[in-house]
Amino acid sequence: MSLVFWGVLLGAFALLFFLARKGLPLWARVLAGLVLGGVVGLLFGEAAGQAKPIGDGFINLIRMLIIPLIVTTLTTGMIALGDPKRLGSLGLRTIALYLGTTTVAVFIGILMAMIFNPGEGVDYASVGATDESVVAEINQRNEAAGAAQRTAAQQIVDVIPRNVVRAMGQEDILAVIFFSIVLGLAILAAGDRGKAFGAVMESAADVVITLTQGVMWLAPFGVFALMSWVLGTQGLGVLVNLGKLAIALYIACALHIFIVYGGLVTLLARLNFFKFLRGMLDALTTAYSTASSSATLPVTIGNLTKNIGVGRAVAGSVAPLGATINMDGTSIYLGIVSLFAAQAVGIALTGPDIVAIAVTATAASIGAAGIPSASLFLAIAVLTSFGVTSEQAVLIIALIFPFDRLLDMMRTLTNVAGDATVATTVARWEKELDEDVLKGGEPAREKVPA
Ligand code: ASP
């Protein structure tokens, strides 16, 4: 079985390579990789799990670009923006849109869960007896999350890195954003003496973006491997055990994307939403297959600047911030899981309970890291906010845990679509959107400091 699998994998890779030689656009090849990988995974089952190292290699390749990309695009973006005062309006607009969309997302999640009743008749208590190791792992992760909790003031102070190199090493994105912004501002403030350094950063940004495009050429293969691994090892088991939960989540995310993001892109950014989605497709498929909005970040920035026409200052600041704090798919999910738990445990929710869910789910989605399954463990805190005991919460999460990946993929796709939507809308407001790019033209070169 395993030999046949490798034969099929090589055949598929040859096909994807052939499509590239034939000039099929990248977004179509990534989509082909996604579908083919999924089908191969379903056909081969466990044997397809062997493709994981190829997928991991691809994830490492893009993650390698995160920090260089943020530092170079954000500093040169600051230079292009020219006026430090514009930073304030950019920041305020970004945060307002991020918070607004996330709040709507929680309520869409709650509404869908009220319609689908995914938790009705679910026997969560039996998990403890059958799957002790899962329960033990969740308990452990929950304790670790509790121990790592910092006060709000501490979290704000920690945005200022004490050691920039360490912040970069730890992929502490907010700290790296902070450093890059002040570095860009200092280049501006240094006037003539800063120009040489600004030009170096400009050139470095071009090089890193070129490298990102090189890595993205490999995306169809990486996405194929990831999809065959996930569907091979997890299959569609999620549909058997948590079918209604999965359907409610997928529908809620789709509604959120088409109504909320579609509305923002069409009405506020004034772009064709379907062209926008096509322009972001590499990022969306990468998000779906990696289940990590942080790992997807270089692709998101690349798509925004090269395909949508968002200026570097906006793409380089709004997208990394979004990958860290803006997670609409995650808040939809937390809303649904809360109702799932209430239904399974038999708690009749009151109005104030719903408000508590909305507030804690929004906070948890802001706090969640952009890595696979991040929010699953934060869900325990949300569940205990309205009367589920922590023992019950652990059992409910243990029930979802083995099937979480397919749910995670959809929420991550939504998270990334949200970051891209907000970046594009803010770019329009800040007059940093080059419309010709989406219409098929070449992106205008960023302003080089004169
Ligand atoms: N995996 C998600 C992300 O990276 C976070 C989550 O677990 O909801 O965006």
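Whatever order the structure lists them in is the order used to number ligands and atoms, beginning at 1. Index from 1, following the sequence.
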Just let me know how [X] lines up against ligand 1, side chain, backbone, both or neither, with a heavy-atom cut-off below 4.0 Å.
| X | value |
| --- | --- |
| Ser294 | neither |
| Val416 | neither |
| Ala323 | neither |

Can an N or O of [X] be found at a distance shorter than 3.5 Å from an N or O of ligand 1?
| X | result |
| --- | --- |
| Ala374 | yes |
| Ala291 | yes |
| Ile371 | yes |

_Atom CD of Gln140 with >12 non-hydrogen neighbours under 6.0 angstrom_ =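 Counting other residues, nucleotides and ligands, CD of Gln140 stays at 12 neighbours or fewer.
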May I ask you to list the atoms of ligand 1 that are less than 4.0 angstrom from any heavy atom of [X]?
| X | result |
| --- | --- |
| Ser292 | 4 (O) |
| Gly370 | 3 (C), 4 (O) |
| Asn415 | 2 (C), 3 (C), 9 (O) |
| Ala369 | 5 (C) |
| Ser373 | 7 (O) |
| Thr330 | 5 (C), 6 (C), 8 (O) |

*Of Lys275, Arg428, Arg270, which is the lone residue that meets salt bridge (charged side-chain N to carboxylate O under 4.0 Å, His left out) with Glu435?*
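Of the listed residues Lys275, Arg428, Arg270, the salt bridge (charged side-chain N to carboxylate O under 4.0 Å, His left out) partner of Glu435 is Arg428.
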*Any chance the side chains of Asp328 and Ser331 put a donor and an acceptor closer than 3.5 Å?*
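Side-chain D/A pair, Asp328 to Ser331: absent.
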*Indicate whether the side chain of Asp404 and that of Tyr333 have a donor and an acceptor atom separated by less than 3.5 Å.*
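Present: a donor and an acceptor within the cut-off.
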*What are the two closest heavy atoms between Tyr98 and Thr101, and how far apart are they?*
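Minimum heavy-atom contact is O-OG1, 3.1 Å.
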_Shortest non-hydrogen separation from Ala219 to Val30 and the atoms involved_ =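 Answer, listing the atom of Ala219 first, then Val30: CB-CG2, 4.1 Å.
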*Who's closest to atom 6 (C) of ligand 1 heavy-atom-wise, of Ser375, Ser293, Ala287, Ala364?*
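Among Ser375, Ser293, Ala287, Ala364, the closest heavy atom to atom 6 (C) of ligand 1 comes from Ser375.
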*Can you tell me which residue and heavy atom of the protein come closest to atom 2 (C) of ligand 1, and the distance to 0.1 Å?*
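The protein heavy atom lying closest is Thr412 OG1, 3.3 Å.
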*To the nearest 0.1 Å, how far is atom 1 (N) of ligand 1 from its closest protein heavy atom, and which atom is that?*
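Ranking protein heavy atoms by distance from atom 1 (N) of ligand 1, first comes Asp408 OD1, 2.7 Å.
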*Of Thr286, Asp282, Thr212, which meets side-chain hydrogen bond (donor to acceptor under 3.5 Å, both in side chains) against Asn303?*
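Exactly one candidate clears the test, Asp282.
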_Option passing side chain to side chain contact (heavy atoms under 4.5 Å, CB included) with Met114 (candidates Ile354, Leu349, Ile336)_ =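 Answer after filtering Ile354, Leu349, Ile336: Ile354.
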*Test ring pair (Phe, Tyr, Trp, His ring centres under 6.0 Å) on Phe224 and Phe13 and set out the steps.*
CA-CA 9 Å; Phe224 177 98; Phe13 277 17; 5.6 Å; yes
*Are any of the side-chain nitrogens in Arg312 or Asp206 under 4.0 Å away from the carboxylate oxygens of its partner?*
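A salt bridge links Arg312 with Asp206.
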